[in-house]
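Only one structure is covered here, and it is reproduced in the block below.
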Amino acid sequence: MRILLVEDELKVARFIQQGLQAEGYEVEVAPDGKLGEKKAQSETFDLILLDVLLPKKNGFEILQSLRKDKIKTPIIMLTARGTTEDIVSGLDLGADDYLTKPFAFSELLARVRSHLRRGSQNKIVLKLADLQLDTISHKASRDGTQIELTTREYALLEFFLRNPGVLLSRPQLAKEIWGFSFDPGTNIVDVYVNHLRKKIDNGFPVKLIHTERGKGYFCSDKVQARIPK
Ligand code: CA
């Protein structure tokens, strides 16, 4: 999950960046409005945290120009002013949410998670590294090579990709994919995860499905990128 943080106050930027990185997110910082806008237009992010008062171009102007360019990345405005007017105009211009400074990091994290989750619910093609899954045609491919999946394997992979980096327990997977409460005596989840893993990871140097011993599974292109629940 890649986040763009457009923030000119160095201390604030570093605090947010380090906090989010510790949670497993990749964070790119832009220290002024022009740079922020350029990055948002030329690179792909899952979420943008956008300060309002910025040198060179303010947050509202950036927001407006991104929405005009049809860039639909969720945007959370960080406003120091916190007046109702500011908030209303931000939401009118296409912001998804706002946070009034100063805010608690836990509050920011909660909003970030919620918007990333929402964003991924609407996505048609889910991607992780070179793996792609089309949720309409149910076709999967890795590095351009088509992968045939059974119905259950597809459901499992979709659930993994909609929760990237999140540790999913066996009972959670059983309930989501098979719709029954988990019988600890069965190894059905492990059997299916292993089938899926063979199909998507065998022969590729970067593994995407990881096991956390005794706890469950998570998908990520980095072994250490699990997001704690
Ligand atoms: Ca500022």
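In this text the structure is predicted, and so the values were computed from the model without any measurement. Each ligand, and each atom within it, is numbered from 1 in the order the structure gives.
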Item checked: Glu158 versus Tyr154, side-chain donor and acceptor atoms under 3.5 Å -> yes

Next item on the list: State whether a side-chain donor-acceptor pair under 3.5 Å links Asp46 with Tyr25.
Entry: no

Margin query: Consider side chain to side chain contact (heavy atoms under 4.5 Å, CB included). Of Thr79, Leu63, Asn58, Leu78, which one does Leu50 pass it with?
Written below: Leu63

Note to self: According to side chain to side chain contact (heavy atoms under 4.5 Å, CB included), who are the partners of Arg14, at least two apart in sequence or on a separate chain?
What the structure shows: Leu10, Gln18

Check: Do any protein N, O or S atoms sit under 3.0 Å from the Ca ion (ligand 1), and which ones are they?
Finding: Asp8 OD1, Asp51 OD2, Leu53 O

Note to self: If you count heavy atoms of other groups shown closer than 6.0 angstrom to NZ of Lys207, is the number above 12?
What the structure shows: yes

Notebook entry, point to check: Do NZ/NE/NH1/NH2 and the carboxylate oxygens of Lys198 and Glu153 come within less than 4.0 Å?
Noted result: no

